[in-house]
A.B. asks: 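This is the structure, below, for whatever I ask next.
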Amino acid sequence: ANRKSVTVMGLGPMGQAMAGVFLESGYAVTVWNRTASKADELVAKGAIRASTVDEALAANELVILSLTDYDVMYAIFEPASANLSGKVLVNLSSDTPEKVRDAAKWLADRGARHVTGGVQTPPSGIGKSESYTYYSGPREVFEAHKETLEVLTGTDYRGEDPGLAMLYYQIQMDIFWTSMLSYLHALAVANANGITAEQFMPYASAALSSLPQFVEFYTPRLDEGKHPGDVDRLAMGLASVEHVVHTTEDAGIDTTLPAAVLEIFKRGMKNGHAGDSFTSLIEIFKNPVR
Ligand code: NDP
């Protein structure tokens, strides 16, 4: 009678993994998906199929959303919005912090409370406590459901602002995509020179794992807004980036990525930062050319 229960709406790879670990953890799980057949395997394992959005909402106070983005949430709830009152929606879909803030208001107007989640793992990491998800929104609502959310991944509560979890998510993704594209770019240059991904792997890994020490070194300086050229100078960095661009050209590889980096260095030089650290380029980012 005291069996814990939860609704999962959206059964893409993520939602399926989530509903699956809830079932394995002994939860009564109600599932809903636009394409109903995606629930079949879960239902065979004991999940309860909701055939409508209303049924899915009615089944539990706690409703987990795993949808493509926040527009999908409106698409499925607008026709059913009268039934949102009293619900706790933990939205694990990705979108922008602004969209999330709007959605939290939209739900509050309908008597529902919204907890934002930014999941930092692929489906294979769901159910593992070493994976984690950023959360934000009303603290007491998060705390009340923390134990259930920890069935999915570890939790990292970032604060009350509904946009915060998504902001942390997006600034991580900013680093992820830029870094992974730089890896692919470097690999393309390596490949053009007969070096395989396997041969490159230890070197690529070493380059990436050297980054945290730079982040730590520059952090206090960045918080103070100081960019002294005592350990590196932008003019030196510029020459280095030019070498990367030329090595890329010589390999017959597309230069878009390092050329963009070079462009930012040049703007820093033009703005009088030649003798400052490359960290002065943050001023270029903060003063976009309009
Ligand atoms: P998918 O895009 O594969 O699945 C999304 C779900 O949204 C499906 O259930 C789909 O239903 C539903 N959907 C899409 N459009 C509509 C619509 N108009 N009306 C109703 N339902 C709709 O995403 P994932 O499962 O991969 O991921 C879910 C969320 O998790 C995303 O926001 C993603 O960014 C985030 N995420 C994903 C990670 C990953 O590795 N996959 C990692 C971290 C975060 P249907 O089956 O009917 O199409």
Side-chain angles (χ1 to χ4, degrees), residues 6-15 17-19 30-35 50 52-123 126 132-146 148-149 152-153 155-178 285-286 288 290:
V6 64
T7 291
V8 178
M9 302 185 76
L11 301 173
M14 278 303 228
M18 290 172 181
T30 298
V31 291
W32 177 88
N33 193 59
R34 174 181 62 177
T35 309
T52 64
V53 170
D54 283 348
E55 254 181 64
L57 285 171
N60 292 293
E61 183 201 29
L62 181 60
V63 178
I64 308 250
L65 302 178
S66 179
L67 305 162
T68 303
D69 56 26
Y70 274 63
D71 285 342
V72 177
M73 182 200 77
Y74 294 112
I76 68 175
F77 284 157
E78 256 162 1
S81 55
N83 304 306
L84 287 164
S85 182
K87 300 296 163 186
V88 169
L89 295 149
V90 175
N91 200 334
L92 302 178
S93 322
S94 308
D95 217 311
T96 66
E98 269 314 294
K99 278 228 173 182
V100 171
R101 291 182 185 117
D102 290 346
K105 273 188 220 121
W106 187 85
L107 288 164
D109 289 346
R110 286 154 183 81
R113 289 167 300 168
H114 183 265
V115 174
T116 314
V119 184
Q120 290 290 303
T121 179
I126 299 300
Y132 63 99
T133 301
Y134 299 123
Y135 287 99
S136 67
R139 183 184 285 274
E140 74 285 0
V141 181
F142 168 75
E143 292 294 341
H145 296 286
K146 190 176 178 209
T148 297
L149 297 175
L152 300 177
T153 66
T155 61
D156 184 350
Y157 178 76
R158 303 278 74 231
E160 298 269 341
D161 166 10
L164 264 185
M166 204 50 65
L167 188 67
Y168 275 89
Y169 177 92
Q170 297 303 352
I171 58 184
Q172 292 276 121
M173 293 317 293
D174 187 337
I175 292 178
F176 179 81
W177 288 123
T178 313
F285 290 134
K286 288 179 177 176
R290 287 175 218 280

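Basis for what follows: all heavy atoms, side chains included, without hydrogens, waters or symmetry-related copies.
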A.B. asks: Considering only heavy atoms from C-beta outward, does the side chain of Phe142 approach that of Thr155 to under 4.5 Å?
C.D. replies: yes
A.B. asks: Mind running side chain to side chain contact (heavy atoms under 4.5 Å, CB included) on Met18 and Val119 for me, showing each step along the way?
C.D. replies: CA-CA 11 Å; Met18 290 172 181; Val119 184; 4.2 Å; yes
A.B. asks: Is there side-chain contact between Leu57 and Leu84, with at least one heavy-atom pair below 4.5 Å?
C.D. replies: yes
A.B. asks: Can you check side chain to side chain contact (heavy atoms under 4.5 Å, CB included) on Thr116 and Leu164, steps first, answer last?
C.D. replies: CA-CA 8 Å; Thr116 314; Leu164 264 185; over 6 Å; no
A.B. asks: Could you tell me which residues satisfy side chain to side chain donor-acceptor pair (under 3.5 Å) with Asp156, sequence neighbours excluded, listed by chain and number?
C.D. replies: Arg158
A.B. asks: Rounded to the nearest 0.5 Å, what separation is found between the CZ atom of Arg101 and the CD atom of Glu98?
C.D. replies: 5.0 Å
A.B. asks: Roughly how far apart are Leu92 CG and Met9 CE, rounded to 0.5 Å?
C.D. replies: 13.5 Å
A.B. asks: Applying side chain to side chain donor-acceptor pair (under 3.5 Å), name anything that partners Thr153, two or more places apart in sequence or on another chain.
C.D. replies: Thr133
A.B. asks: Quick one, Val100 and Pro162 - any side-chain contact, counting heavy atoms below 4.5 Å?
C.D. replies: yes
A.B. asks: Which residues pass the ring-ring contact (aromatic ring centres under 6.0 Å, His included) test with Tyr134, sequence neighbours left out?
C.D. replies: Tyr132, Tyr168
A.B. asks: Is Ile64 close to Leu152 at the side-chain level, that is, under 4.5 Å between some pair of heavy atoms?
C.D. replies: yes
A.B. asks: May I ask you to test the Lys99-Asp71 pair for a side-chain heavy-atom distance under 4.5 Å?
C.D. replies: yes
A.B. asks: For Thr7 versus Ala56, what's the shortest heavy-atom pair and its separation?
C.D. replies: OG1-O, 3.0 Å
A.B. asks: What's the spacing between Thr96 OG1 and Met166 CE if we round to 0.5 Å?
C.D. replies: 8.5 Å
A.B. asks: Is any side-chain N of the basic residue among Glu78 and Arg110 closer than 4.0 Å to the acidic one's carboxylate O?
C.D. replies: no
A.B. asks: If the condition is side chain to side chain contact (heavy atoms under 4.5 Å, CB included), which residues does Asn91 pass it with, not counting sequence neighbours?
C.D. replies: Leu65, Tyr70, Met73, Ser93, His114
A.B. asks: Rounded to the nearest 0.5 Å, what separates atom CG in Leu67 from atom CG in Asn33?
C.D. replies: 8.5 Å
A.B. asks: State which residues pass side chain to side chain contact (heavy atoms under 4.5 Å, CB included) with Pro123; sequence neighbours excluded, sorted by chain then number.
C.D. replies: Pro13, Met14, Ala17
A.B. asks: Working to the nearest 0.5 angstrom, can you tell me the gap between Leu89 CG and Glu61 CD?
C.D. replies: 10.0 Å
A.B. asks: Ring centres under 6.0 Å, that's the criterion: do Tyr74 and Trp106 meet it?
C.D. replies: yes
A.B. asks: I'd like to check Arg34 versus Ile76 (side-chain heavy atoms, cut-off strictly below 4.5 Å). Are they in contact?
C.D. replies: no
A.B. asks: Find the distance between OG1 (Thr148) and CG (Asn60) and round it off to the nearest 0.5 Å.
C.D. replies: 10.0 Å
A.B. asks: Considering only heavy atoms from C-beta outward, does the side chain of Asn83 approach that of Val53 to under 4.5 Å?
C.D. replies: no
A.B. asks: Hey, does the side chain of Ser136 reach the backbone of Ala165 with a donor-acceptor pair shorter than 3.5 angstrom?
C.D. replies: yes
A.B. asks: Once side chain to side chain donor-acceptor pair (under 3.5 Å) is applied, do any residues pair with Glu55, and if so which ones, sequence neighbours excluded?
C.D. replies: Ser51
A.B. asks: For the side chain to side chain contact (heavy atoms under 4.5 Å, CB included) test, which of Asp102, Thr68, Asp69 pairs with Asp95?
C.D. replies: Asp69
A.B. asks: What I'd like to find out is whether the side chain of Val141 reaches to under 4.5 Å of the side chain of His145, using heavy atoms alone.
C.D. replies: yes
